[in-house]
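Here the structure comes first, spelled out in structure tokens, and everything after it is commentary.
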There are 2 protein chains.
Amino acid sequence: MQKRVSLKDIAAKAGVSAALVSYVLNNRLPSRISVATAQKIRDIAGQLNYSTNQLAKSLKTNKTNTIGLIVADISNPFSANLARIIEDEAEKCQYTTIFGSSDEDPGKFDKLVHTMLNRKVDGLILSPPAKSEAVIESLQQKDIPIVLLDRYFPGIKTSYVIIDNFAASMEAVHHLLSTGRTRIGMITYDSELQHLLERKNGYIRALENNGVRVEKEWLQLVGIENNQQQIEDAVRALLSATPGVDAVLFGSNKIATSSLKLINSLSLRVPCDLAVICFDHTEMLDLFYSPVTYIKQPLEEIGELAVSYLLSNLLHNGTISTSQLKASLVIQQSTTRPDELYQAK
Amino acid sequence: MQKRVSLKDIAAKAGVSAALVSYVLNNRLPSRISVATAQKIRDIAGQLNYSTNQLAKSLKTNKTNTIGLIVADISNPFSANLARIIEDEAEKCQYTTIFGSSDEDPGKFDKLVHTMLNRKVDGLILSPPAKSEAVIESLQQKDIPIVLLDRYFPGIKTSYVIIDNFAASMEAVHHLLSTGRTRIGMITYDSELQHLLERKNGYIRALENNGVRVEKEWLQLVGIENNQQQIEDAVRALLSATPGVDAVLFGSNKIATSSLKLINSLSLRVPCDLAVICFDHTEMLDLFYSPVTYIKQPLEEIGELAVSYLLSNLLHNGTISTSQLKASLVIQQSTTRPDELYQAK
DNA sequence: TTGTACGCGTTATCAT
DNA sequence: ATGATAACGCGTACAA
């Protein structure tokens with residue numbers, strides 16, 4: 001169906017053995033091969049437009065030069081951006097990437113991992129969903145190189161690249177406090193994933209540290225399926241609480257989008273009546289009528305580190321490298337103090 | 001490194017030949033194999049946690065159950081959504097998808113195609129960039145199954161799934177005219193890609209059909225690299241033209257985003273001073289202070305058809321299937337007539 | 001049910 | 001010094 005030119009076609013045409021062709025094309029033992037035949041082989045390979053069959057090569061060498069990447073959902077901008085960076089980075093090192101979306105479902109995650117393993121990927125970069133510890137541990141037992149991305153499990157020793165979500169949440173809340181907001185709510189996920197717990201705990205700790213009592217209704221937890229209705233209910237609950245909030249921290253870009261969609265339709269004004277901050281950037285945030293302050297993850301660095309950790313793991317199996325990067329707060333209009341708003345505009 | 005359990009491990013433990021194990025696990029010749037041994041083999045396979053080595057299988061069968069998908073840029077929401085749909089659709093049919101982003105660069109496109117071919121993908125779904133006709137034609141000569149996505153080349157007979165961009169543009173302009181706009185501009189790409197030409201021509205034709213003279217400055221062409229500065233200049237040119245426009249059609253979501261970002265910072269109001277319509281949906285459009293009317297492509301249908309055409313092509317090589325789907329106009333506030341605006345709100 | 005050639009490169013060993 | 005032979009990786013499919 002595809003390339004039918006094989007090594008032995010070249011060998012036949014050149015009047016040499018297939019092995020020799022292999023050596024030449026891979027630049028092996030260059031000292032032991034006469035320049036003349038080497039050139040002849042290269043010429044013929046060129047004119048036959050030969051390209052090596054990766055399947056056969058991989059079968060023999062047990063190396064596919066492929067890495068598997070599993071994210072939550074490739075159609076989410078956060079995942080898509082990260083995927084793109086990883087793809088580019090891997091490609092620089094001659095690696096091909098195959099993607100999969102887990103939809104935060106550990107069953108689907110497990111299935112994806114195994115299809116990738118059947119295809120003999122050299123290693124995996126994974127954003128594991130909740131309750132997927134067993135899968136990760138089994139990969140470790142099999143000595144399959146993995147790097148966790150965006151998330152990690154405190155109880156499992158693996159390579160990972162994450163950000164300091166606790167600190168990021170704290171910083172966001174401190175910023176809100178510094179702009180005079182006192183009734184700060186948060187909408188985030190009801191999940192046991194460590195990075196999400198840290199976002200939640202950072203929020204709580206920041207308020208406590210500043211002597212602010214966290215009202216029960218100020219912390220709204222929603223399902224990780226990102227149900228629009230549920231998120232809207234959470235927004236309404238925050239606003240109708242007693243006392244109602246004057247600022248909200250959104251635990252993800254999906255939550256932010258759904259919430260802002262509702263807020264857009266209410267009479268409420270941002271930032272006068274409500275300040276908002278959100279985790280992760282999307283273009284939508286800049287286009288909101290009051291550009292949204294957000295917590296920016298260093299995506300390039302995350303992607304590059306993940307690939308580099310994985311590749312170094314491929315060379316020296318057993319190496320464990322971890323990074324916890326710092327996120328930065330990008331301050332825009334959505335958190336301007338009301339009294340500064342007019343002079344700023 | 002990974003699965004070390006092979007067919008012959010099972011065969012040894014079961015005291016049968018490797019061939020028999022293969023038959024059993026593939027449910028071949030079920031009538032000719034005793035139920036007892038079949039069960040024994042399955043049990044052993046289960047307890048050894050065997051899973052087949054796709055590399056070896058593919059090498060023999062010349063089938064990888066993998067499709068290659070090349071889009072312009074996986075980090076663009078339009079591409080990402082489509083990719084996700086195709087991934088899911090392929091997965092339903094037991095196919096794995098490998099992605100690549102061409103960045104509209106024919107050289108990169110060609111390179112991606114060849115890495116995929118070296119990996120022996122069964123077929124390709126491609127959004128070809130400009131000047132990649134030669135690559136497509138060479139794939140055809142090699143009888144490699146392909147389906148073009150989102151774009152096509154009029155001179156080349158291939159399977160494709162596209163939308164009627166000409167009609168979509170016309171409909172958008174007609175809608176603007178029907179809401180009383182008379183000075184309608186367009187910002188789109190300076191590209192020879194057929195689908196982009198059709199977007200441009202649909203705009204021109206719609207105006208001509210309605211006896212509107214298209215001022216030169218109303219049609220602004222920008223590079224496909226989506227340079228922010230260039231797009232902003234185009235917006236400014238439209239607004240400062242004589243006469244200045246009272247409506248704009250954006251040729252892509254990237255153009256729309258960049259333009260709206262600028263418009264957001266001007267004193268100009270949408271839709272009072274300017275109506276806007278854009279090709280393709282992103283969430284950003286709903287969050288703009290005046291939710292943006294857009295041309296919606298039937299992404300699910302496009303993705304499903306593309307996969308189905310490719311798979312049917314894998315069975316019966318040489319089949320050519322094409323679809324030109326209709327896009328729909330989703331009308332939102334950004335094109336409301338100024339005089340209806342207050343009563344509508 | 002089984003033996004075995006096969007797909008296609010790789011690489012250690014053998015031959016001039 | 002140069003180059004050839006052959007085993008190998010692992011599952012498949014045909015002949016026996």
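These figures come from a predicted structure and were not determined experimentally. Chain letters run A, B, ... following the sequence lines, proteins first, then strands; residues in each count from 1.
- Between B/Glu91 and A/Lys111 there is a salt bridge, with a side-chain nitrogen of the basic residue lying less than 4.0 Å from a carboxylate oxygen of the acidic one.
- If you check D/dT5, C/dT2, C/dC8 against the side chain of A/Ala19, the one that comes closest is D/dT5.
- Looking at B/Thr97, B/Val161, B/Ile125 one by one, the single match for side chain to side chain contact (heavy atoms under 4.5 Å, CB included) with B/Val307 turns out to be B/Ile125.
- A salt bridge links B/Arg84 with B/Asp88: at least one charged nitrogen is closer than 4.0 Å to a carboxylate oxygen.
- Distance, A/Asn53 CG to D/dG9 C1': 13 Å, rounded to whole Å.
- At a threshold of 4.0 angstrom between heavy atoms, the contacts of B/Ser58 with the nucleic acid are absent.
- Nearest-nucleotide positions on DNA chain C for B/Leu59 and B/Ala38 put B/Ala38 closer to the 5' end.
- Between B/Thr52 and A/Ala18, the residue whose closest nucleotide on DNA chain D is further toward the 5' end is A/Ala18.
- Of the two residues near DNA chain C, A/Ser22 and B/Lys57, the one whose nearest nucleotide lies more 5' is B/Lys57.
- With salt bridges taken as basic N to acidic carboxylate O contacts below 4.0 Å, one links B/Arg151 and B/Glu104.
- B/Lys60 comes within contact range of at least one nucleobase, with a heavy-atom separation under 4.0 Å.
- Separating the CD atom of A/Gln39 from the C1' atom of D/dT2 is a distance of 17 Å, rounded to the nearest angstrom.
- A straight line from CG of B/Leu55 to C1' of D/dT12 spans 15 Å, rounded to a whole angstrom.
- In this entry the distance linking CZ of B/Arg119 with P of C/dC8 reads 18 Å, nearest Å.
- As rounded to whole Å, 12 Å separates atom C1' of D/dA7 from atom NZ of B/Lys8.
- Of the two residues near DNA chain D, A/Val16 and B/Asn26, the one whose nearest nucleotide lies more 5' is A/Val16.
- Of the charged side-chain nitrogens involved, none lies within less than 4.0 Å of a carboxylate oxygen, so that A/Lys131 and A/Asp110 do not count as a salt-bridged pair.
- Among the heavy atoms of the strands lying under 4.0 Å from A/Ser6 are primed sugar atoms or P, OP1, OP2 only; no base atom is included.
- Nearest to the side-chain atoms of B/Thr61 among the listed nucleotides C/dT10, C/dC8, D/dA13 stands D/dA13.
- For B/Ser17, whose side chain is taken as the heavy atoms from C-beta onward, the closest listed nucleotide among D/dA13, C/dT2, C/dG9 is C/dT2.
- Atom CG of B/Leu20 is separated from atom P of D/dG11 by 15 Å (rounded to the nearest Å).
- Put simply, B/Arg28 has a side-chain N or O that comes within less than 4.0 Å of OP1 or OP2 on D/dA13.
- Judged by distance alone, with hydrogens and angles left aside, B/Tyr23 brings a side-chain donor or acceptor within reach of the base of D/dC14, the pair sitting under 3.5 Å.
- In this structure, the nucleotide among D/dT12, D/dC10, C/dG9 sitting nearest to the side chain of A/Leu7 is C/dG9.
- Taking atom CD1 of A/Ile33 as the reference point, atom C1' of D/dA1 lies 11 Å away to the nearest angstrom.
- As rounded to whole Å, 14 Å separates atom C1' of C/dG9 from atom CD1 of A/Ile41.
- Between B/Thr66 and B/Arg119, the side chains place no donor N or O within less than 3.5 Å of an acceptor N or O (distance only, hydrogens not considered).
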